[in-house]
Asker: 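Dropping the structure in here first, questions after.
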Amino acid sequence: MSEIAITLPDGSSRSLNAGATGADLALSIGAGLARAALVIEVDGAAADLSAPLPDGAQIRIITDRDSEALEHLRHSTAHVMAQAVLELWPGATFAGGPPIEDGFYYDFELPGSGSFADEDLLRIDEKMRQIISADQPFERFELPLDAALQLMADHPYKRVFMELAAAGEEADGEVGSGTEISFYRNTDEFVDMCRGPHVPSTGRLGHFKLTRHGGAYFRGSELNPMLQRIYAAAFASKKDLAAHLHRQEEAAKRDHRKLGVELDLFSFPEEIGSGLAVFHPKGGIIRRLMEDYSRVRHEQADYEFVYSPHITKSNLFETSGHLQWFADGMFPPMEIDHDHNHADSDSDSAVDADSAVDTGASGEGGLAVIEPVQGTGTQYYLKPMNCPFHILIFKSRQRSYRELPLRMFEFGTVYRYEKSGVVHGLTRVRGMTQDDAHIFTTKEQMGAELGSILTFVLDLLRDYGLDDFYLELSTKPEKKAVGTDEEWDEATEALRAAATAMDIDLVMDPGGGAFYGPKISVQARDAIGRTWQMSTIQVDFQLPQRFEMTYIGNDGEKHRPIMIHRALFGSVERFFAVLVEHYAGAFPAWLSPVQAKILPVSEAHADYAHEVAAELRGAGFRVEVADADETLGNRIRRAKGEKLPFVLVVGESDVEHRTVGVNPRGNEVERDVPLASFVDRLAAQVASKK
RNA sequence: GCCCGAGUAGCUCAGUUGGCAGAGCAGCUGUCUUGUAAACAGCAGGUCGUCAGUUCAAUUCUGACCUCGGGCUCCA
């Protein structure tokens, strides 16, 4: 029998009998390794342990200690879930089931367009554990396309994947790239089409939890049927799974919607409408501080402040292209009926105005009914974006190259008609305020301006406590886009150059740009590692053309400016939500609605408590006093629940020595702190923005 | 918009197989006057999301709508 030679990662080589598999190799190294081995890498490509090893290959054995193993454990567990569901629901079919971050999902179609109930997850879990106990092997086999299609005769979605792959199209990773279609057989009853590899047998799995279920369009398109998806978390060990579930619980505690109620920051009264928030006084303080500081920084960065109305005639959004490209995202128009009075009466308008007042005041049935007149009025729209208004400010007079870059800033409130299923707390609303700016530059200035904007953005975000970023570059959308490829390329390259100069990770988002131009978005990681899309910076050649914007260059000729759109917070509402979750409601002193709460030990110390409060207020701090009509312990508990930076307790000795007892958030209690030194300390903390 | 689920007091949640709705916390009033995370007593608080339908009777059953939650799509 001939032999083959393989090389291991440490550079050593081994000889094995021809036809030897990864499992044989692992066993030849050690029984422990053989037990731990899950899959192998053959020349860098993952493969089954049961696959015969090619001569001369570089082999790496993957165990559950290797990070790559997780993907395979999750993928294999997904197969077990599919087997369980298909056994429990005869007649069900399945589509795709990939590993994802923290786990996996699988899409199913249940007989009779059924869907999963919460309790079903328990049944499926139980069945999965039976399959795992049975330690079924994952046996790979391959078939030519026509035989494969026949094998999956009852599973139309699998056939779609095969046909896509056969046509050379993207098949969502469900089918391998070879000419043969690969399958894995667990039992005679259960075979799943899969590119593999898989762990050797189901017995190697088990640290998973089915977490959620919901609808999901086949291949992510709303034109396709809706399938039923089950999500699960899966890890290599019980400990890792428990840690993940714990992290989820901790994240849930930070949910800004929950903290918004608990800390009395904002609400969404049903009477107003979905996705429309009101900010309560405490939330209002935070929001005002966020905005105030932003204004100061923008002023320093040479932005000019402008204001614009919330509604406009439709012409403006026709010119801008919004009605052509963005109408789905806009509230329907209001019809303002200019012609009504004329239709009613041919007399002159002065008489009309008088008679209208008379009718309203004296009519027996109340106000006169105004009949709608079709098609003769003017349509007004709530604005979904601020850009056209700023353009009109630019165009209000002739502009010189000496004025550029011209930076216009506005906290501009916009309204977008978000689909009913997507509204979500403050992160996805229908009315929001953008910290919006539009910068008009010459082509030559654009690159430098983009660089300074990015620096400005990152600096400002750091002041709000976010300091872990990456950048995303979104390019031309395939369907909805205006402008030539050349313009898009030029704008995209300018953004790319600015981004790469930042020394921060840059990831591509192909086709993710707005209809009028490419964008860079700044993604920030919060205190528990979640990423949020914050700022966006977009280059726009289109709107200056559509609005025929010009400036006079130093050559005396008219030139077209370039426009840069940017928002740092994204929206004030979303940024507010991110800060709530980032700080878990425990805002740093500079943003905290109440920086210190003063608790007199008893009524005898009330005067001094109010004196302390007055002094702190005089020093510019936000404080409250909790009078002694409850026990001190209870007042402390309640104050702590408000997540304030400081609780101050003042009693007999404090009155005597003009001191305070300081109970700082997250630290030990300190007694007999001189009031003056506490003032300095709080001032320093506020100034540091920590 | 689509698939699922849920709406009971300010908050968190019980409950009614159709017969006048309950707790804890919060609120109010009183007593207590407190040195670092829950003093005591009393009072008040709900068209049981909205509107229809079935019924002698609907918070409970049916339907539509509204709002919220999870998922898809979309997005600042």
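Because the structure is a prediction, the values reported are computed rather than measured. A note on names: the letters A, B, ... follow the listed sequences, proteins ahead of strands, and every chain is numbered from 1. Hydrogens, waters and symmetry mates play no part in the numbers below; they use all other heavy atoms, side chains included.
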Asker: Classify A:R638 by what it touches in the nucleic acid, base, sugar-phosphate, or nothing, heavy-atom distance under 4.0 Å.
Answerer: sugar-phosphate
Asker: Confirm from the modelled atom types if A:E418 and B:A76 form a donor-acceptor pair under 3.5 Å, side chain to base only.
Answerer: yes
Asker: So, A:D463 and A:Y293: side-chain donor and acceptor under 3.5 Å apart, yes or no?
Answerer: yes
Asker: Looking only at atom P, what distance separates B:C20 and B:C13, rounded to whole Å?
Answerer: 27 Å
Asker: Base, sugar-phosphate, or nothing for A:S274, non-hydrogen atoms under 4.0 angstrom?
Answerer: sugar-phosphate
Asker: With nearest nucleotides of RNA chain B determined for A:G275 and A:V649 from heavy-atom distances, which residue corresponds to the more 5′ nucleotide?
Answerer: A:V649
Asker: Could you verify whether a donor N or O on one side chain and an acceptor N or O on the other, from A:H322 and A:S320, lie under 3.5 Å apart?
Answerer: yes
Asker: Rounded to whole angstrom, note down the C1' distance from B:U59 over to B:A52.
Answerer: 16 Å
Asker: Verify the contact: side-chain N or O of A:T536 to OP1 or OP2 of B:A76, cut-off strictly under 4.0 Å; return yes or no.
Answerer: no
Asker: Please check if any side-chain donor atom of A:H298 sits under 3.5 Å from a side-chain acceptor atom of A:S294, or the reverse.
Answerer: yes
Asker: Work out how far the P atom of B:G30 is from that of B:G22, and round it to whole angstrom.
Answerer: 28 Å
Asker: A:K282 has an atom NZ; how far is it from atom P of B:G10, in whole Å?
Answerer: 20 Å
Asker: What nucleotide, of B:C72, B:U67, B:G35, holds the atom closest to the side chain of A:L632?
Answerer: B:G35
Asker: Check the side chains of A:S267 and A:H280 for a donor-acceptor pair under 3.5 angstrom, ignoring hydrogens and angles.
Answerer: yes
Asker: Please give, in whole Å, the distance from B:G70 C1' to A:L210 CG?
Answerer: 15 Å
Asker: Below the 4.0 Å mark, does B:G70 have OP1 or OP2 next to a side-chain nitrogen or oxygen of A:H424?
Answerer: yes
Asker: Quickly work out the A:R574 CZ to B:C74 C1' distance and round it to whole Å.
Answerer: 11 Å
Asker: Can you identify which nucleotide, out of B:G71, B:U34, B:U36, has its nearest atom closest to the A:S602 side chain?
Answerer: B:U34
Asker: For the pair made of CD in A:E668 and P in B:U36, what is the distance, rounded to whole Å?
Answerer: 13 Å
Asker: When we call it a touch if two heavy atoms are under 4.0 Å apart, what does A:I636 touch: a base, just sugar-phosphate, or nothing?
Answerer: base
Asker: Using only side-chain N and O atoms of A:Y105, determine if any of them is under 4.0 Å from OP1 or OP2 of B:G71.
Answerer: no
Asker: Rounded to whole angstrom units, what separation is found between the CZ atom of A:R566 and the P atom of B:A76?
Answerer: 15 Å
Asker: So, is A:R257 near the phosphate of B:G70, with a side-chain N or O under 4.0 Å from OP1 or OP2?
Answerer: yes
Asker: Below the 4.0 Å mark, does B:G71 have OP1 or OP2 next to a side-chain nitrogen or oxygen of A:R212?
Answerer: yes
Asker: What contact category does A:D629 fall into here, base, sugar-phosphate, or nothing, at under 4.0 angstrom with non-hydrogen atoms?
Answerer: base
Asker: Rounded to whole Å, how long is the line connecting atom CG of A:L426 with atom C1' of B:C75?
Answerer: 15 Å
Asker: May I ask which nucleotide in the shown strands pairs with B:U31, Watson-Crick or G-U wobble, both distances under 3.5 Å?
Answerer: B:A39
Asker: Touch check for A:G220, heavy atoms < 4.0 angstrom, all strands: base, sugar-phosphate only, or nothing?
Answerer: sugar-phosphate
Asker: Consider salt bridge (Lys or Arg N to Asp or Glu O under 4.0 Å). Of A:R254, A:R247, A:K253, which one does A:E250 pass it with?
Answerer: A:K253
Asker: For the residue pair A:S521 and A:T536, confirm or rule out a side-chain donor-acceptor distance under 3.5 Å.
Answerer: no
Asker: A:K258 side chain N/O closer than 4.0 Å to the phosphate oxygens (OP1, OP2) of B:C11?
Answerer: no
Asker: Please work out if A:S115 contacts a base, only the sugar-phosphate, or nothing of the nucleic acid, heavy-atom cut-off 4.0 Å.
Answerer: sugar-phosphate
Asker: Could you state the CZ-P distance from A:R229 to B:G5, rounded to the nearest angstrom?
Answerer: 19 Å
Asker: Are any of the side-chain nitrogens in A:D107 or A:R229 under 4.0 Å away from the carboxylate oxygens of its partner?
Answerer: yes
Asker: Among B:C68, B:G35, B:C3, find the nucleotide with the atom closest to the side chain of A:M226.
Answerer: B:C3
